[in-house]
**Student:** 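I am attaching a structure below and will ask some questions about it afterwards.
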Protein chains: 2
Amino acid sequence: MPARPTPRRVTLDDVARSAGVSKATVSKALNARDDIAPDTRARVLATVEQLGYRPTTDRGHPPRRPALVAVLDVLESPYMTHVLGGVLAAATAAGTDLLLRLPPDRGTRTRRTAAAAWVAQQRAAGAVGIVGLTLAEPDALLRAAQDAGVPVVMVDPVDTREGAVVSVGATNWAGGRSATEHLLGLGHRRIAWIGGPAGSAAARERLHGYRAALDSAGVALDPALVRSDEFAVETGLRHARELLLLPDPPTAVLAGDDEIAVGVLAAAQELAVPVPGGLSVVGYDDTPQAGWTSPRLTSVRQPLDGMGRMAVETVLAMAAGHAPASWYVQLATTLVVRESTAPPARADRTRAPHAGT
Amino acid sequence: MPARPTPRRVTLDDVARSAGVSKATVSKALNARDDIAPDTRARVLATVEQLGYRPTTDRGHPPRRPALVAVLDVLESPYMTHVLGGVLAAATAAGTDLLLRLPPDRGTRTRRTAAAAWVAQQRAAGAVGIVGLTLAEPDALLRAAQDAGVPVVMVDPVDTREGAVVSVGATNWAGGRSATEHLLGLGHRRIAWIGGPAGSAAARERLHGYRAALDSAGVALDPALVRSDEFAVETGLRHARELLLLPDPPTAVLAGDDEIAVGVLAAAQELAVPVPGGLSVVGYDDTPQAGWTSPRLTSVRQPLDGMGRMAVETVLAMAAGHAPASWYVQLATTLVVRESTAPPARADRTRAPHAGT
DNA sequence: TCGAGAGTCGAAAGAGTTTCGCAACCTCCG
DNA sequence: CGGAGGTTGCGAAACTCTTTCGACTCTCGA
């Protein structure tokens with residue numbers, strides 16, 4: 001009978017003998033010590049690999065669940081809440097932990113070393129991927145993550161070179177266009193735009209959709225009616241005040257998001273302009289709070305929840321080694337018509353020389 | 001001269017000698033082997049503790065950052081968003097990771113084994129403490145966490161035996177009372193209450209504050225005017241419709257939260273009851289979205305952000321071994337008066353026989 | 001009372017790491 | 001070219017900790 005029926009597990013000594021070195025040298029190779037020549041280390045590690053050696057003291061790192069990091073600048077907005085809700089649901093469904101993190105300070109975020117350290121910290125926390133939720137100035141972080149081999153997916157990216165990042169958004173161009181067409185269809189010709197920051201790809205795309213719709217309808221764009229600013233109630237309030245006090249005010253306003261739209265409604269009320277009688281207002285996002293206003297907002301619904309889910313699924317697929325199907329995935333938007341839009345009191349064509357019919 | 005000037009690090013042998021056992025036994029005690037008597041293990045571990053022994057081989061696990069688990073049923077509400085914002089800020093400031101988790105299913109949540117498994121999973125993920133955000137039916141989880149030695153702090157606990165859990169809330173009683181007194185002071189006597197679920201301690205306390213204020217003012221409470229239901233827009237809408245169609249409708253409504261208040265506003269508009277002319281409405285929470293309504297809501301401001309921070313600080317202190325200063329911490333609320341409250345159109349005393357003066 | 005089985009413990013063997021010395025090599029001058 | 005002085009790479013041996021396995025004790029039923 002064979003002397004050793006059970007093939008004894010591979011031990012340090014076996015590796016040492018096989019590699020032609022001592023136990024000590026193998027140990028050094030495995031433990032990243034520095035008193036070993038690089039090529040010796042490589043030879044030893046190759047032997048380790050080949051024999052399938054596993055140290056017995058390696059108390060099998062209790063197999064940690066993979067984690068995903070969701071990183072965002074500001075949590076307190078309905079938009080963010082709903083996206084994060086989708087992220088949480090998808091992460092839970094996938095059996096991964098979800099780490100919620102604030103990014104490094106704005107000041108240090110763009111520094112390579114700080115960004116690399118931050119990414120390393122995420123890895124140490126067990127992160128297999130990062131989901132960035134409208135994260136400002138992410139380029140250094142993106143590069144650091146790429147260097148570290150951690151996949152990143154952005155939702156509605158801001159301040160970044162287009163195409164250099166895998167991202168999830170909605171059909172912003174189509175959303176801006178359909179909202180504008182809705183107003184054009186009601187008979188509006190002087191339609192103002194109060195949009196989000198120029199750095200936001202989503203905001204830019206919506207603006208382009210707005211322009212495209214005006215172009216198609218042959219309505220000239222009045223630059224005085226186009227504003228870009230932060231996504232905030234205050235933005236809508238301030239710009240709407242200015243617009244409504246113009247000698248030739250708009251009959252409708254497209255807001256870059258629901259918060260801006262709320263500001264517009266407030267400005268209209270302040271100036272005693274009835275909505276929708278004297279001014280139509282369209283929001284963007286269609287968070288439930290859009291139904292809190294009076295009149296309730298017509299708004300472009302974004303599948304915020306779905307965007308969060310899609311981002312998680314994409315980043316997990318990338319972590320598993322699959323290339324993303326597309327650099328930029330867009331989910332469909334739909335216009336939800338409520339009571340804040342109506343035909344203009346009287347047709348206003350003074351500034352629309354090309355308007356047909 | 002001393003034979004050993006450098007106090008050699010504590011070794012397994014030292015512990016063994018000091019505890020009067022062999023190296024093997026100490027090793028077994030440390031490694032959770034089962035061939036060792038419980039009291040021997042305890043004695044050995046005490047010695048280990050006393051000598052400050054650390055095995056040289058445990059270089060393995062890089063010291064993971066401590067993590068906190070935030071667990072919640074529903075993320076998509078302004079209330080939750082702001083509490084979570086405070087939790088995130090405090091966790092970041094404290095240098096702990098924040099894991100966002102959904103609790104086990106409602107169905108299995110109350111089962112001891114499922115709860116224990118869930119808690120074990122949190123521990124495995126590196127959790128040193130758990131923050132429960134208005135978590136329904138948490139008792140089994142609380143007990144499991146206690147068994148596992150993981151501290152838990154609840155924010156606005158629901159469905160649980162009072163006092164058995166460390167929790168953070170706001171001065172709900174005082175908030176309910178001051179809101180009621182505000183309305184009484186304006187001259188209202190028929191004041192309805194549309195509150196949150198009976199299971200919520202916060203909702204109950206607010207209701208008691210409302211009753212106390214009525215009592216103090218000598219205003220009899222009409223049970224028909226007191227409703228308890230979910231925190232939701234729909235709740236306010238439905239109950240306000242009923243109340244406003246009463247033969248003797250209330251002149252003011254206190255809502256259990258801003259969402260209910262929004263529903264009340266919608267019902268009033270539906271029935272053409274002017275606010276605040278025909279009906280005063282007070283909300284609760286004072287989330288920014290309370291300012292989105294028209295008229296803007298008078299609301300009781302809760303320091304939601306501060307509640308989140310306090311919960312994190314408390315649970316971290318408990319994790320560090322400190323007993324909580326108090327089982328139940330309440331942060332101050334303040335009434336924010338806006339345009340949704342005004343004196344009643346005419347004094348209505350028909351149902352307030354004890355009203356003084 | 002005896003024996004089987006379960007529960008404890010330690011001596012010794014194993015596994016892996018670290019120390020330390022040695023040899024080889026490298027680098028500068030003279 | 002040669003040698004002093006330093007650096008580098010490796011292994012023997014010492015060391016730390018873990019695991020095996022035999023021995024001892026206790027319990028309980030026959």
Side-chain angles (χ1 to χ4, degrees), chain A residues 1-64 120 123-124 126, chain B residues 1-64 116 120 123-124 126 147-149:
Chain A
M1 62 172 148
R4 194 173 281 126
T6 58
R8 197 175 41 85
R9 61 170 293 133
V10 181
T11 177
L12 195 71
D13 237 345
D14 301 330
V15 177
R17 241 188 328 273
S18 178
V21 296
S22 70
K23 286 195 308 176
T25 302
V26 178
S27 178
K28 287 170 188 173
L30 286 170
N31 291 291
R33 314 275 305 196
D34 56 356
D35 60 339
I36 179 173
D39 55 341
T40 306
R41 181 199 305 283
R43 205 174 70 241
V44 170
L45 290 181
T47 309
V48 164
E49 187 69 24
Q50 182 191 329
L51 298 184
Y53 166 75
R54 286 277 162 267
T56 61
T57 53
D58 176 11
R59 274 198 271 297
H61 291 250
R64 210 187 318 182
R123 288 207 64 164
Chain B
M1 63 171 149
R4 193 172 282 126
T6 57
R8 199 174 38 86
R9 61 171 294 135
V10 182
T11 180
L12 195 71
D13 233 346
D14 301 330
V15 177
R17 240 189 329 273
S18 178
V21 296
S22 71
K23 288 191 306 176
T25 302
V26 178
S27 179
K28 288 171 188 170
L30 286 170
N31 291 292
R33 313 277 305 201
D34 56 356
D35 60 340
I36 180 172
D39 54 341
T40 305
R41 182 200 305 281
R43 206 174 69 243
V44 170
L45 290 182
T47 308
V48 164
E49 188 70 25
Q50 182 191 328
L51 298 184
Y53 168 75
R54 288 277 163 267
T56 61
T57 53
D58 76 352
R59 82 194 126 65
H61 318 256
R64 211 188 316 182
R123 288 207 64 164
D147 291 347

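Every chain is numbered from 1, with letters handed out A, B, ... down the list of sequences.
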**Student:** Both Asp13(A) and Ala37(B) contact DNA chain C. Taking the nearest nucleotide for each, which residue is further toward the 5' end?
**Tutor:** Ala37(B)
**Student:** Quick one: does any side-chain atom of Arg41(A) pair with a main-chain N or O of Ile36(A) as donor and acceptor, under 3.5 Å?
**Tutor:** no
**Student:** Want to settle it: does Leu30(B) or Arg43(A) sit nearer the 5' end of DNA chain D, counting the closest nucleotide to each?
**Tutor:** Arg43(A)
**Student:** Pairs in or reaching into residues 20-33 of chain A: which pass salt bridge (Lys or Arg N to Asp or Glu O under 4.0 Å), with residues at least two apart or in two chains?
**Tutor:** Lys28(A)-Asp35(A)
**Student:** When rounded to the nearest 0.5 angstrom, what is the spacing between CD in Gln50(B) and CG in Leu45(B)?
**Tutor:** 12.5 Å
**Student:** Base, sugar-phosphate, or nothing for Val21(A), non-hydrogen atoms under 4.0 angstrom?
**Tutor:** sugar-phosphate
**Student:** Whole angstrom is fine here: how far is it from CG in Asp39(A) over to P in dT8(D)?
**Tutor:** 15 Å
**Student:** OP1 or OP2 of dA15(C) versus the side-chain N and O atoms of Tyr53(A): is any pair under 4.0 Å?
**Tutor:** no
**Student:** Quick one: pull up CZ in Arg54(B) and CG in Leu12(B) and give me the separation to the nearest 0.5 Å.
**Tutor:** 13.0 Å
**Student:** Rounded to the nearest angstrom, tell me the gap between atom CG in Asp14(A) and atom C1' in dA15(C).
**Tutor:** 11 Å
**Student:** Using nucleotides 19-28 of chain D, report all nitrogen or oxygen pairs with the protein that are shorter than 3.5 Å.
**Tutor:**
residue, atom, partner, partner atom, Å
dT19(D), OP2, Arg33(B), NH1, 3.2

**Student:** Stepwise, does the side chain to side chain donor-acceptor pair (under 3.5 Å) test hold for Ser18(A) with Asp14(A)?
**Tutor:** CA-CA 6 Å; Ser18(A) 178; Asp14(A) 301 330; over 6 Å; no
**Student:** Please give, in whole Å, the distance from dC9(C) P to Leu12(B) CG?
**Tutor:** 15 Å
**Student:** Between Thr40(B) and dT8(C), does any side-chain N or O lie under 4.0 Å from OP1 or OP2?
**Tutor:** no
**Student:** Measure the spacing between OH of Tyr53(B) and OG1 of Thr47(B) and express it to the nearest 0.5 Å.
**Tutor:** 13.0 Å
